[in-house]
Amino acid sequence: MAQLSRLVLTLEQTDAQRDTKLVRIGYEYTLTCSPVECERNASFKVSIDVLGHDLLRDDVLASALDTHIVECGGSDSAPTVTKRSLIVGQSLLDEDVGVDEIKVRVIAKDDTGETVELTSAIVRGDF
């Protein structure tokens, strides 16, 4: 089964983005396919959810905000590093009063229905 690792979340806002109430969400992760998945050229539908960290249960702020396909290649089982970013309205990240605690969850589902997921560390900000 494939593995997800090295998930890093960044939230950035330029002065112009702050004025227009936009935020850039960046994330990077590594997907390592098993040798069997590489041999059968498996593909993974990858999606991210944006979560607001909470004590009891995290709030889902956006489900499947970004989706894409990652393919395992032939006999090469080298890990695939994916780096993506998108711009969202800052109100999406305004999960509670005061400082917001944001994280992303990456979910990779292969063509047989097997799923693997990983959640990032928390990034704090005032959105």
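Note: hydrogens, waters and symmetry copies are ignored here, and every other heavy atom, side chains too, is used.
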Handout entry: In one Ile/Leu/Val/Met/Phe/Trp/Tyr side-chain cluster, 4.5 Å: Met1, Leu118
Key = yes
Handout entry: Cys38 and Cys72 SG atoms less than 2.5 angstrom apart
Key = no
Completion exercise
For Ile122 and Arg124 the tightest heavy-atom approach is CG2-NH1, 3.7 Å
Fill in the blank from the handout: When every non-hydrogen atom of Ser120 is compared with those of Leu7, the smallest separation belongs to N-CD2, 3.3 Å
Handout entry: Euclidean distance, Thr20 OG1 relative to Gln13 CD, rounded to 0.5 Å
Key = 8.0 Å
Handout entry: Same apolar cluster (I L V M F W Y, side chains within < 4.5 Å links), Leu11/Leu92
Key = yes
Fill in the blank from the handout: Paired with Gln17, the side chain to side chain contact (heavy atoms under 4.5 Å, CB included) test is passed by just one of Asp15, Thr14, Asp19, namely Thr14
Fill in the blank from the handout: The reported gap from CD in Glu12 to CZ in Arg24 (rounded to nearest 0.5 angstrom) is 4.0 Å
Practice task
Determine the minimum heavy-atom distance between Ala121 and Leu9, stating which atoms define it.
Solution key: O-CD2, 4.4 Å
Exercise for the section: Treating Ile, Leu, Val, Met, Phe, Trp and Tyr as nodes and any side-chain heavy-atom pair under 4.5 angstrom as an edge, say whether Leu51 and Leu61 lie in one connected cluster. Expected result: no
Exercise for the section: Kindly work out whether a path of hydrophobic side-chain contacts (I/L/V/M/F/W/Y, heavy atoms less than 4.5 Å apart) joins Val23 to Leu86. Expected result: yes
Fill in the blank from the handout: Minimal heavy-atom distance between Thr80 and Glu71, with the atoms involved, is OG1-O, 4.5 Å
Problem - Heavy-atom closest contact (Thr67 atom, Ser47 atom, distance) - result: CG2-CB, 3.4 Å
Exercise for the section: Treating Ile, Leu, Val, Met, Phe, Trp and Tyr as nodes and any side-chain heavy-atom pair under 4.5 angstrom as an edge, say whether Val116 and Tyr27 lie in one connected cluster. Expected result: yes
Completion exercise
Between the NZ atom in Lys21 and the CG atom in Leu93, the distance rounded to the nearest 0.5 Å is 13.0 Å
Exercise for the section: Report the residues that fulfil side chain to side chain donor-acceptor pair (under 3.5 Å) with Arg6, sequence neighbours left out, ordered by chain and then residue number. Expected result: none
Exercise for the section: May I ask you to test the Arg40-Asp111 pair for a side-chain heavy-atom distance under 4.5 Å? Expected result: yes
Side-chain donor-acceptor pairs under 3.5 Å in residues 97-108, sequence neighbours left out?
residue, atom, partner, partner atom, Å
Asp100, OD1, Glu95, N, 3.1
Asp100, OD1, Asp96, N, 3.2
Asp100, OD2, Phe127, N, 3.0
Lys103, NZ, His53, ND1, 3.2
Lys103, NZ, Asp58, OD2, 2.8
Arg105, NE, Asp49, OD2, 3.2
Arg105, NH2, Asp49, OD2, 2.8

Exercise for the section: Compare all side-chain heavy atoms of Leu4 with those of Val46 and state whether any distance is below 4.5 angstrom. Expected result: no
